[in-house]
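Take a look at the structure below.
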Amino acid sequence: MGDSQEFDRVYERFQLIVNGPALFNAVVTALELDVLPFVSRHPGATFEELRDHVGIEPHKLRVLMLALCATELVERRDGGYVNSRVAEEHLVTDSPEGWRDTLLGWRKFQYPAFPHLTDALRTGKNEAALASYPGPGNTLYDRLANDPELVASYHDSIGPFTHLFAHALLDNAEIAEVGRLLDVGGGDGTTAIKFVRRHTHATVTIFDMPSVCRHAESGLPDDVKGRVLTYPGDIFEDDFPGGFDGILFSHSMEVFSPEHNGRLLAKAYEALPPGGKIFLYNMCAPDDENSGLLSARLSLFLNVLASGEGMAYPPKDYERWLTEAGCDSVRSYTGLPYEHALVVGVKG
Ligand SMILES: C[S@@+](CC[C@H](N)C(=O)[O-])C[C@H]1O[C@@H](n2cnc3c(N)ncnc32)[C@H](O)[C@@H]1O
């Protein structure tokens, strides 16, 4: 690519990024005001039809529709509006993998924290953003635990992403062989439920905070009861339970510092029998740390609010930590969708 084409490409990306916060909010508002779903139900809907449905001032709707058309999620065609395929497949779908709840969650939990980024990076602490969630503890997870409604709302917002990301994990032949899996930081059980439905010989035990385990239990469908279990506790303070042939950390290791992860891996290694496997499934920056929009956003969010540490570590970091924990045959499955990698180690 010539210099000027490359300049134009980066400049166009720059425009998207700097206008992104406003356009992001326009998209979320369009979901809240039922604009995108309405256009989906009525392709070619006119401005007047939309106005009658949405019930906001025509000028405000005009501004919103301009923003949506600028994103190209909606197109103005032959006097009406139609959704793009991306809007149809990712925003107005009823599928559990739709991005709707994820984006509502980013607006509620993630983006209000970002004005504190400079402070968080300067001080090395997430205190400024965390102040919005009063209570004991130094992480967002500790603070959410004080309020069952917030626990539910937070996990509802990460559930769709977990659905989306779970495919590559469930497709992996090594984890498919595990009969008794401990899911550390297993959250609301989205992964566990999908796992036992796909691998009908298996049971999965979610090891998470008591408040999160209660939330997971309350949402367990009948067909998995008895095969998805919970083990409420603190993954740092409590010993890991025994009796498992595999231990999974799915997006629970990206959250913490290398020192914390070393402690968790030592405890996981200790709890496994010889031949047992540790599975680390995370959003991962590439080893050269030179790209990755999802990895970059997640890493910033973790540091500004969620834990004040961690990042979308590259696979080579996980490989090193597994080796340091004593594992043999450490290997990575890289290039998985949505910037994911699965790193596996075996207890010798
Ligand atoms: C990013 S979520 C990952 C959820 C799920 N495994 C997934 O793949 O989407 C991190 C999880 O770790 C849990 N967690 C964080 N700190 C914990 C602690 N000290 N003890 C137990 N669980 C903890 C949180 O409650 C949360 O469910």
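One-based numbering, in listed order, for ligands and for the atoms of each.
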Check: [X] ring centre within less than 6.0 Å of [Y] ring centre:
X	Y	value
Phe249	Tyr281	no
His340	His251	yes
Phe236	Phe256	yes

Show the numbers, then the answer: is there a salt bridge (charged side-chain N to carboxylate O under 4.0 Å, His left out) between Glu6 and Arg9? CA-CA 5 Å; Glu6 176 62 5; Arg9 188 189 67 78; 3.1 Å; yes
Lys225 and Leu220: which non-hydrogen atoms are nearest, and at how many Å?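 Closest approach of Lys225 to Leu220, heavy atoms only: CE-O, 3.3 Å.
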List, for ligand 1, each N/O atom that has a protein N/O partner under 3.5 Å away, with both atom names and the distance.
| unit_1 | atom_1 | unit_2 | atom_2 | d |
| --- | --- | --- | --- | --- |
| ligand 1 | 6 (N) | Gly185 | O | 2.7 |
| ligand 1 | 6 (N) | Ser250 | O | 2.7 |
| ligand 1 | 8 (O) | Ser250 | O | 3.0 |
| ligand 1 | 8 (O) | Ser250 | OG | 2.8 |
| ligand 1 | 8 (O) | His251 | ND1 | 2.8 |
| ligand 1 | 9 (O) | Thr162 | OG1 | 2.9 |
| ligand 1 | 19 (N) | Asp234 | OD1 | 3.3 |
| ligand 1 | 20 (N) | Ile235 | N | 3.0 |
| ligand 1 | 22 (N) | Asp208 | OD1 | 3.3 |
| ligand 1 | 25 (O) | Asp208 | OD1 | 2.7 |
| ligand 1 | 27 (O) | Asp208 | OD2 | 2.7 |

Would you kindly check if the NZ (Lys) or CZ (Arg) of Lys267 is within the cone defined by 45 degrees around the ring axis of Phe240 and under 6.0 Å from the six-membered ring centre?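 No, Lys267 does not lie over the aromatic ring of Phe240.
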